[in-house]
Amino acid sequence: MLAKKIIIANWKMNLNLSETLALAKKFKEKFAGFKEGEVVICPSTLTLDHVAKIIKTGKLKLGAQNVFWEDKGAYTGEISADMLVEAGCEYVIIGHSERRRYLFENYEMIHKKVRAVLETEKLAPIVCIGETIEEKESDKRDFVLVEQLQQALSGIDVFGNQQIIIAYEPVWAIGTGTAIEPSEAEYAHKIIKLALNDMFGMQVVSKNFRIIYGGSINSKNVKKFADLEDMNGLLVGGVGLKADDFFKVVKEITK
Ligand code: PGA
């Protein structure tokens with residue numbers, strides 16, 4: 001796995017423009033001298049351009065929360081991967097469980113998005129996978145994780161320094177305040193790594209993939225996640241809206 005941990009703050013649809021700019025400025029100050037890991041902020045699409053200008057000279061990177069799979073044409077309301085690159089994005093979240101749930105994003109759509117993003121050669125996908133509570137309770141987690149990975153990534157060529165982030169996010173742990181047991185996260189990451197090794201080979205996996213965890217991480221529970229095997233970072237929601245707490249989380253996980 002790549003050595004540097006990556007911590008991604010997904011601001012979802014929580015902030016208006018002035019709140020976004022204020023938080024981006026705070027983040028920029030906090031992380032001015034930071035070099036232990038990579039920090040990515042994903043504000044709403046409408047604010048990407050503004051945030052890009054703020055963080056241009058600092059250490060932070062920009063990510064988007066969604067992308068469409070075609071590069072241009074009559075697709076009302078959609079935004080292409082090239083448009084995100086143009087706005088200054090280096091990352092984009094794909095297949096977040098909230099989109100799977102509320103927008104009915106399915107395997108095929110997620111697969112096409114991953115493909116379109118990799119084709120730009122300038123944008124890295126953050127592919128979210130994770131089991132629901134029903135799947136967990138019926139012992140289907142491992143199967144579901146492998147299935148979601150295969151559906152998203154089968155037949156995709158990974159080359160050069162292309163990066164792919166796999167975010168393991170148990171759906172039942174998102175936004176609940178209760179994270180998964182760290183040992184369970186470690187186990188799930190192992191399953192993911194083995195499935196990736198099968199699909200792409202160990203060399204590609206260690207060079208091009210990072211596996212991160214997401215779901216109710218906060219400045220208190222993060223300590224227990226820092227030393228897990230195959231833990232290459234975090235995708236956070238709630239705590240990413242508080243600059244001080246988020247900074248603590250990042251410091252702790254990159255120690
Ligand atoms: P949370 O969200 O940290 O608020 O649980 C995580 C996510 O949606 O990625």
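Not measured: the values here are computed from a predicted model. Both ligands and their constituent atoms are indexed starting at 1 by order of listing.
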Q: Under 4.0 Å between a side-chain nitrogen and a carboxylate oxygen: does that hold for Lys26 and Glu29?
A: no
Q: Under 4.0 Å from a heavy atom of Gly215: give me the atoms of ligand 1 that qualify, with their elements.
A: 5 (O)
Q: For ligand 1, which atoms have a heavy atom of Gly175 less than 4.0 angstrom away?
A: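 Those atoms are 1 (P), 4 (O), 5 (O).
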Q: List the closest protein heavy-atom neighbour of atom 4 (O) of ligand 1: residue, atom name, distance to the nearest 0.1 Å.
A: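 Closest protein heavy atom to atom 4 (O) of ligand 1: Gly238 N, 2.9 Å.
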Q: Quick one: name the residues clustered hydrophobically with Ile93, using the 4.5 Å side-chain heavy-atom rule over I, L, V, M, F, W, Y, and just say none if it's on its own.
A: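 Its cluster partners, ordered by chain and number, are Ile6, Ile8, Val40, Tyr91, Ile126, Ile165, Ile212, Leu235.
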Q: Please say which of Arg210, Lys5, Lys4, Lys59 ends up in a side-chain hydrogen bond (donor to acceptor under 3.5 Å, both in side chains) with Glu38.
A: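 That would be Arg210; it is the only one of Arg210, Lys5, Lys4, Lys59 passing the side-chain hydrogen bond (donor to acceptor under 3.5 Å, both in side chains) with Glu38.
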Q: What do you reckon, does Asn10 have a nitrogen or oxygen under 3.5 Å from a nitrogen or oxygen of ligand 1?
A: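 For ligand 1, there is no N or O atom that lies under 3.5 Å from one belonging to Asn10.
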Q: Does the cation-pi check pass for Lys30 over Phe247, that is, NZ or CZ under 6.0 Å from the six-membered ring centre and within 45° of its axis?
A: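 Positive - Lys30 is close enough to the ring of Phe247 and near enough to its axis.
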Q: For the rings on Phe34 and Phe27, is their centre-to-centre separation under 6.0 Å?
A: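 No; Phe27 has its ring centre 6.0 Å or more from that of Phe34.
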Q: Among all the protein's non-hydrogen atoms, which is closest to atom 9 (O) of ligand 1, and how far away is it?
A: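 Result for atom 9 (O) of ligand 1: Glu169 OE2, 2.5 Å.
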Q: Any salt bridge between Glu229 and Lys193, counting N to O under 4.0 Å?
A: no
Q: If you have a sec, work out which protein heavy atom is nearest atom 3 (O) of ligand 1 and how many Å separate them, to one decimal?
A: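 Scanning the protein heavy atoms, the shortest distance from atom 3 (O) of ligand 1 goes to Gly237 N, 2.8 Å.
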Q: Do any nitrogen or oxygen atoms of Lys12 come within less than 3.5 Å of a nitrogen or oxygen of ligand 1?
A: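 Between Lys12 and ligand 1, an N or O pair is found under 3.5 Å apart.
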Q: Please state whether Val239 comes within less than 4.0 angstrom of ligand 1, counting heavy atoms only.
A: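 Heavy atoms of Val239 never come under 4.0 Å of ligand 1.
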Q: For ligand 1, which atoms sit closer than 4.0 Å to a heavy atom of Ser216?
A: 1 (P), 3 (O), 5 (O)
Q: Just so I know, are the side chains of Glu131 and Tyr168 near enough to count as touching, which here means a heavy-atom distance under 4.5 Å?
A: yes
